[in-house]
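Just so we're clear, the structure is a prediction, and the values are computed from it rather than from any experiment. Sequence lines set the chain letters: A, B, ... in the order given, protein chains first and strands last, and positions in each chain run from 1.
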2 protein chains.
Amino acid sequence: MSQTTSTRRVTAADIARSLGISRATVGFVLNDTPGQTISAATRRRVLDEAERLGYRPHIAARALASGRSRIVLLVLPDWPLDFNLRRNIEEASLALDEAGYALITYTPHPTGQSRPLWEILQPDVVLAMASWAPGQVESIRAAGVTRLIPDPDAPMGEEEYSEDGPLLQVRHLHEFGHRTIAFAGSADPRIADLVALRRRRANVAAAELGLGALPTADLELTDASASAAVRRWREAGVTAVAAYNDDVAAAIVGAAVRLGFSVPADLSVIGHDDTPLASMFEPRLSTINVNTVGLGRYLAALALSAVEERPLPTAGPELRVALVERASTGPPG
Amino acid sequence: MSQTTSTRRVTAADIARSLGISRATVGFVLNDTPGQTISAATRRRVLDEAERLGYRPHIAARALASGRSRIVLLVLPDWPLDFNLRRNIEEASLALDEAGYALITYTPHPTGQSRPLWEILQPDVVLAMASWAPGQVESIRAAGVTRLIPDPDAPMGEEEYSEDGPLLQVRHLHEFGHRTIAFAGSADPRIADLVALRRRRANVAAAELGLGALPTADLELTDASASAAVRRWREAGVTAVAAYNDDVAAAIVGAAVRLGFSVPADLSVIGHDDTPLASMFEPRLSTINVNTVGLGRYLAALALSAVEERPLPTAGPELRVALVERASTGPPG
DNA sequence: TTGGGTGACTAGCGCGCGCAAGTGGCGCGA
DNA sequence: TCGCGCCACTTGCGCGCGCTAGTCACCCAA
């Protein structure tokens, strides 16, 4: 319990001095340096003394000497993280920690002028959840980071996580007998990429089912914007809407109800993400649940394989997507 | 990709060599070191050459040399961040960046065994949004961080951010004529503290208005849990509910509607946080908007005052709270 | 006895940078 | 003419650590 020093931190040199051995030996013990033979007795003494003095390696010094920061930066998208995802990030963090790496999450803001974290932390790896935003790859590489996941040079990295939600949405509505289905995106520029991707996937499903290109609108999350879209779609004979996410779906449902339409009889609406809140309101929103079980460990394994000699993780991410059928979708009429 | 040599980073020494001057001069220019006089011509040449070579300071080396990491760690609570808050964190990040500091946000997970980020990053300051969790202060100090905000040694830090939302909720319901008002908390253990605080504040308002202690329930976010609470409250003559947040409020509204009650005629419900989604569904949720304008800059100023010789920021956080009256509250009957 | 091999260490450099202390030249007042 | 102060730099140390290149004692085969 003796709080030896309140000013100077304990260094490896302190351990060496106190034990009367050289700094190198201490380093070898503490790092389990391969190719070095240290007697069991000395090893024990070093470990015990480190414990006794409360030694903590100075990561800045370590980073400087080794050239590796042992930091893994996870770039998060700008939208709210769902519950599962958060749990899985935690798992990734744990797995990496066991390997001596720290996981730091970061949400770049396009509006912010501040220097991105990859410039400051000089992480060994930068991970992204989905694909890279334009310009990001260049910025990260300019900061000296060579390991990016997913690999931006790999052909068609886009389908890394395959975004099958929109497929399920459209098929679900089609099974109910809907033939004129609209896709509702978000006008939020920050998520334009993902909106576009989901729209594309929805159109893939539409084509498979013999429907034409889906009518589309990018909504603001306001009643006015949603009302306008609903009115327009109804006039065009649309009976069902696949929404980019639950927020957009909620806007449409609310607007439809306030316009006097019945959901789902007049208009079926299906969301995406399975937000808790969306399951509570009346009508309870049909949606797509994204099961992220295992994603965390998978991410960690990916990062480690990039930075050490570990093999690539065998299984793909368990990013299974499932339909959650509730009350906001049904047959037309 | 075999550019082992070409990958070497540009250092201050490279600039010096290329310009035929000493490394110290380069450092003085790049850091605007006070007390050093550098001719305008040299300054320009250094700056230009740094730009030309694409020089980026190696923060690990800087941290090692200066003894300061120039990292500010913001400890975030475990609950989802609302939109405004996120924007303000971004603002704080910007303000700190201008002063040469990096803001890193971190959510410690009680379950996680991984080493907390303050041990790894050795930040100059650790900020918390609310109060410190038990054990956190010791852990942070053990990691060698001396500057904590809010100061854990200051008496009664609890009312740092004064939580006036519940007051507005109860007063609003009271004005409509409600006299038997319930408080709906959340059973989520991670937010037990904040739930308790808001309940306490709601009861303060109730007492002021001459109401007795509010009936209370801590809900799971499930229909069963919400239905049970609504049924119980209705039997007890409750006509209005102040909810911990919009999620809980949504659960109650949904359950009430499905039980055949009319909102707000049979049961008024008011949420807290002004979640976008809550304003979309029908009935549109009355709620409390937390205006965090200025919070970000305030946090940044706090951090800077702790770490440099700047004076403490003058104004308190502009954590103004406002009633958002929509369709889920009204007179009883 | 010699020589090579090996186990158990030590000496010390270099990572990139901040910064204290020093150095030389030049203008200026006495 | 000398001396002094000031400007515009340079020299060089040290931050804590990883790691290469030794050193040295000891053992065993020849």
Side-chain angles (χ1 to χ4, degrees), chain A residues 5 7-46 50 53-70 100 119-122 124 143-144 308, chain B residues 4-5 7-46 50 53-71 100 119-122 124 143-144 308:
Chain A
T5 167
T7 55
R8 249 196 62 251
R9 62 178 298 131
V10 179
T11 73
D14 291 333
I15 300 177
R17 202 174 311 119
S18 141
L19 248 33
I21 61 177
S22 80
R23 248 217 63 257
T25 305
V26 174
F28 293 147
V29 170
L30 293 178
N31 299 330
D32 262 335
T33 311
Q36 293 291 337
T37 52
I38 306 285
S39 70
T42 303
R43 177 178 299 274
R44 256 271 61 79
R45 288 171 63 220
V46 169
L53 296 179
Y55 169 76
R56 315 246 169 207
H58 191 300
I59 58 108
R62 166 178 293 179
L64 181 59
S66 70
R68 301 185 309 146
S69 61
R70 300 201 145 251
E119 282 194 7
I120 294 169
L121 295 180
Q122 256 121 19
D124 293 338
E308 302 190 335
Chain B
T4 32
T5 46
T7 306
R8 238 204 68 247
R9 61 179 302 126
V10 179
T11 72
D14 292 332
I15 299 177
R17 204 174 309 119
S18 140
L19 249 34
I21 60 177
S22 79
R23 246 217 65 256
T25 306
V26 174
F28 294 146
V29 169
L30 293 177
N31 299 329
D32 263 333
T33 311
Q36 294 291 338
T37 52
I38 308 285
S39 70
T42 303
R43 176 177 301 272
R44 258 268 61 79
R45 290 172 61 220
V46 169
L53 297 179
Y55 170 76
R56 315 252 169 200
H58 191 301
I59 63 107
R62 167 179 293 179
L64 181 59
S66 70
R68 300 184 309 146
S69 62
R70 299 200 147 252
I71 285 176
E119 283 193 8
I120 294 169
L121 295 180
Q122 256 122 18
D124 292 339
E308 303 190 334

Verdict with supporting geometry, B/Ile38 and B/Thr33, side-chain contact (heavy atoms from CB on, under 4.5 Å): CA-CA 10 Å; B/Ile38 308 285; B/Thr33 311; over 6 Å; no
Touch class at under 4.0 angstrom, heavy-atom based, for A/Thr37 against every strand present: base
Strand contacts (DNA chain C) in residues 21-32 of chain B, 4.0 angstrom heavy-atom criterion: B/Arg23, B/Ala24, B/Phe28, B/Asn31
For atom CZ of A/Arg45 and atom C1' of C/dA8, their distance in whole Å: 13 Å
Upstream residue (5' side of DNA chain D) when B/Gly20 and B/Ser66 are each assigned their closest nucleotide: B/Gly20
Reported OG-to-CG distance for the pair A/Ser66 and A/Asp124, which is rounded to 0.5 angstrom: 7.5 Å
CD1 on B/Ile120 to OG on A/Ser69, rounded to 0.5 Å: 11.0 Å
Contact under 4.0 Å: A/Thr42 side-chain N or O vs C/dC9 OP1/OP2: yes
Minimum heavy-atom distance A/Ala12-A/Arg23, with the two atoms named: CB-NE, 4.0 Å
5'-most by nearest nucleotide on DNA chain D - A/Gln36 or A/Ala13: A/Ala13
Rounded distance (Å) that lies between atom P of C/dC13 and atom CG of A/Leu64: 17 Å
Member of A/Val26, A/Ile21, A/Val29 meeting the side-chain contact (heavy atoms from CB on, under 4.5 Å) criterion with A/Ile15: A/Val26
Working for side-chain contact (heavy atoms from CB on, under 4.5 Å), residues B/Ile59 and A/Gln122: CA-CA 8 Å; B/Ile59 63 107; A/Gln122 256 121 19; 4.1 Å; yes
Residues in side-chain hydrogen bond (donor to acceptor under 3.5 Å, both in side chains) contact with B/Ser22, at least two apart in sequence or another chain: B/Thr25
Non-hydrogen side-chain atoms of B/His58 and A/Leu64 separated by less than 4.5 Å: yes
Where chain A begins and ends its contact with DNA chain D, read 5' to 3' at 4.0 Å from heavy atoms: D/dG16 to D/dT20
